[in-house]
Asker: 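Structure provided below as structure tokens; questions to follow.
Note on naming: letters A, B, ... go to the chains in the order of the sequence lines (proteins, then strands), and numbering restarts at 1 for each one.
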2 protein chains.
Amino acid sequence: MSDRHTAVPSMVSAPLPDPVPVGEYERCPVTDILRRVGDKWSILVIVLLGKRPYRFNELHRGIEVISQRMLTRTLRGLETDGLVHREVFPTKPPSVEYSLTPLGRTLLAPLSGLADWAVEHGPDIMAARAALDLDSSGETPSPARGIVRESA
Amino acid sequence: MSDRHTAVPSMVSAPLPDPVPVGEYERCPVTDILRRVGDKWSILVIVLLGKRPYRFNELHRGIEVISQRMLTRTLRGLETDGLVHREVFPTKPPSVEYSLTPLGRTLLAPLSGLADWAVEHGPDIMAARAALDLDSSGETPSPARGIVRESA
DNA sequence: CCGTATCCAGAATGATACTG
DNA sequence: CAGTATCATTCTGGATACGG
């Protein structure tokens with residue numbers, strides 16, 4: 001983290017600074033982006049469009065389990081943010097082609113960083129989950145979760 | 001994107017391949033991570049804990065607008081995934097310290113990539129949104145959104 | 001072919017009160 | 001101090017039907 005984007009600038013280094021409210025205003029742009037892209041379909045669409053342009057029903061067939069509604073909504077959102085370009089060919093019947101904008105393409109690289117992390121450490125997360133599952137299933141029958149689990 | 005994580009391997013290069021369902025099984029791990037970290041508070045907490053360990057109420061005061069419930073849930077989730085370590089000091093009254101695990105710290109770097117992107121291109125997104133707002137407010141009074149907006 | 005309009009279920013978040 | 005419990009609200013995603 002390069003230290004320029006946090007919504008709580010002073011807090012991060014000072015011991016007990018004044019609380020900085022994080023409201024609708026002045027929020028961390030990183031959180032913004034993560035929430036824009038952290039929904040159920042955006043990434044999949046972005047990655048696909050990173051390969052080549054797609055027509056609407058092509059995407060629909062490709063992802064398959066996505067509902068028409070959500071595909072439309074996802075594409076609209078990405079278009080609104082200038083990440084995806086929508087081009088209508090007035091043929092008959094009409095066809096619509098979606099592609100990444102230059103801005104959208106710049107997102108592929110940082111996305112790749114998190115992608116690699118996910119691939120590399122995904123198993124670690126699964127292991128951590130499994131470990132806690134074992135904890136709560138076996139000994140110390142869920143001690144109401146407060147004490148009991150010391151540092152150990 | 002390093003090409004190893006997509007849930008639709010064949011589709012990306014073939015013109016009209018067989019649809020690959022993306023269900024609860026066999027999903028893209030990147031989407032997984034993005035959704036784990038794309039919630040309202042996780043990133044903020046991770047970034048803070050990246051600086052130094054925090055006690056519960058310290059985080060609560062720091063973020064301020066977060067509800068006690070959500071702070072607890074966020075920390076629980078991160079702990080479950082092995083990203084955050086929770087250490088209870090049986091003082092009186094008890095104090096609990098949260099810190100990043102080694103695994104959690106490895107997440108800071110890729111997160112930083114997206115952070116930098118957000119800081120750099122956030123304005124572009126705002127501009128894109130503003131541009132579309134102008135479109136729909138001024139001329140061509142929202143032509144039911146299908147044709148009319150050709151390539152132009 | 002490419003959508004929009006409705007309606008609905010479930011999850012995420014928040015407000016508030018209470019507890020070891 | 002560090003939570004848990006409960007309830008209300010909002011957001012997200014999906015099913016279905018219809019329209020240009």
Asker: Find the distance I66(B):CD1 to dT13(C):C1' and express it as a whole number of Å.
Answerer: 10 Å
Asker: Could you tell me the separation between the CZ atom of R61(B) and the P atom of dA2(D), rounded to a whole number of Å?
Answerer: 8 Å
Asker: Distance check, rounded to the nearest 0.5 Å: H60(B) atom NE2 versus S67(B) atom OG?
Answerer: 7.0 Å
Asker: Between atom NE2 in H60(B) and atom C1' in dT13(C), what is the gap in whole Å?
Answerer: 13 Å
Asker: Using 0.5 Å steps for rounding, measure from the CG atom of L114(A) to the NE2 atom of H121(A).
Answerer: 10.5 Å
Asker: Let's see if you can work this out: which of dG3(D), dC2(C), dC1(D) has an atom nearest to the side-chain heavy atoms of V96(B)?
Answerer: dG3(D)
Asker: Protein-nucleotides 5-11 of chain C N/O pairs closer than 3.5 Å?
Answerer:
none

Asker: Compare the minimum distances between each of dC1(C), dG14(D), dG3(D) and the side chain of F56(B), then state the nucleotide with the smallest one.
Answerer: dG3(D)
Asker: Taking only the side-chain heavy atoms of K40(A) (C-beta and beyond), determine which of dG13(D), dC1(D), dA2(D) contains the nearest atom.
Answerer: dG13(D)
Asker: Locate the shortest heavy-atom distance separating T106(A) from P110(A); write the atom from each residue and the value.
Answerer: O-CD, 3.1 Å
Asker: Take the protein atom NZ of K92(A) and the nucleotide atom C1' of dC1(C), then report the distance between them rounded to whole Å.
Answerer: 11 Å
Asker: Do you know the tightest heavy-atom contact between G82(B) and T101(B)?
Answerer: O-OG1, 2.6 Å
Asker: Report the distance from atom CD of E97(B) to atom P of dC1(D), rounded to the nearest whole Å.
Answerer: 15 Å
Asker: From dA17(D), dC1(C), dG14(D), pick the nucleotide closest to the side chain of P93(A)?
Answerer: dC1(C)
Asker: Between dT4(C), dG13(D), dT4(D), which one does the side chain of D39(A) approach most closely?
Answerer: dG13(D)
Asker: Of all the nucleotides listed (dG3(C), dC1(D), dA15(D)), which has the minimum atom distance to the side chain of R76(A)?
Answerer: dG3(C)
Asker: Minimum heavy-atom separation for W117(B) to L83(A), with atom names?
Answerer: CH2-CD2, 4.0 Å
Asker: Rounded to whole Å, please give me the gap between CD in Q68(B) and C1' in dT16(C).
Answerer: 11 Å
Asker: So, using side-chain hydrogen bond (donor to acceptor under 3.5 Å, both in side chains) as the criterion, who are the partners of T80(A) when residues are at least two apart?
Answerer: none
Asker: Do you know which of I63(A), I43(A), L100(A) makes side chain to side chain contact (heavy atoms under 4.5 Å, CB included) with L48(A)?
Answerer: I63(A)
Asker: Rounded to the nearest 0.5 Å, how far does CG of L75(A) lie from CZ of R86(A)?
Answerer: 9.0 Å
Asker: If you find the nucleotide of DNA chain D closest to S95(B) and the one closest to R73(A), which residue's nucleotide is nearer the 5' end?
Answerer: S95(B)
Asker: Rounded off to whole Å, could you give me the OH-to-P distance for the Y98(B) and dA2(D) pair?
Answerer: 8 Å
Asker: Between CZ of R105(A) and CG of L108(A), what distance do you get to the nearest 0.5 Å?
Answerer: 8.5 Å
Asker: Could you tell me the separation between the CZ atom of R35(A) and the P atom of dC11(D), rounded to a whole number of Å?
Answerer: 10 Å
Asker: Given axes from five pairs at either end, by how many degrees does the helix from dC1(C)-dG20(D) to dG20(C)-dC1(D) bend, rounded to 10°?
Answerer: 50°
Asker: Where is the tightest heavy-atom contact between L34(B) and V37(A), given as atom of each residue plus distance?
Answerer: CD1-CG1, 3.4 Å
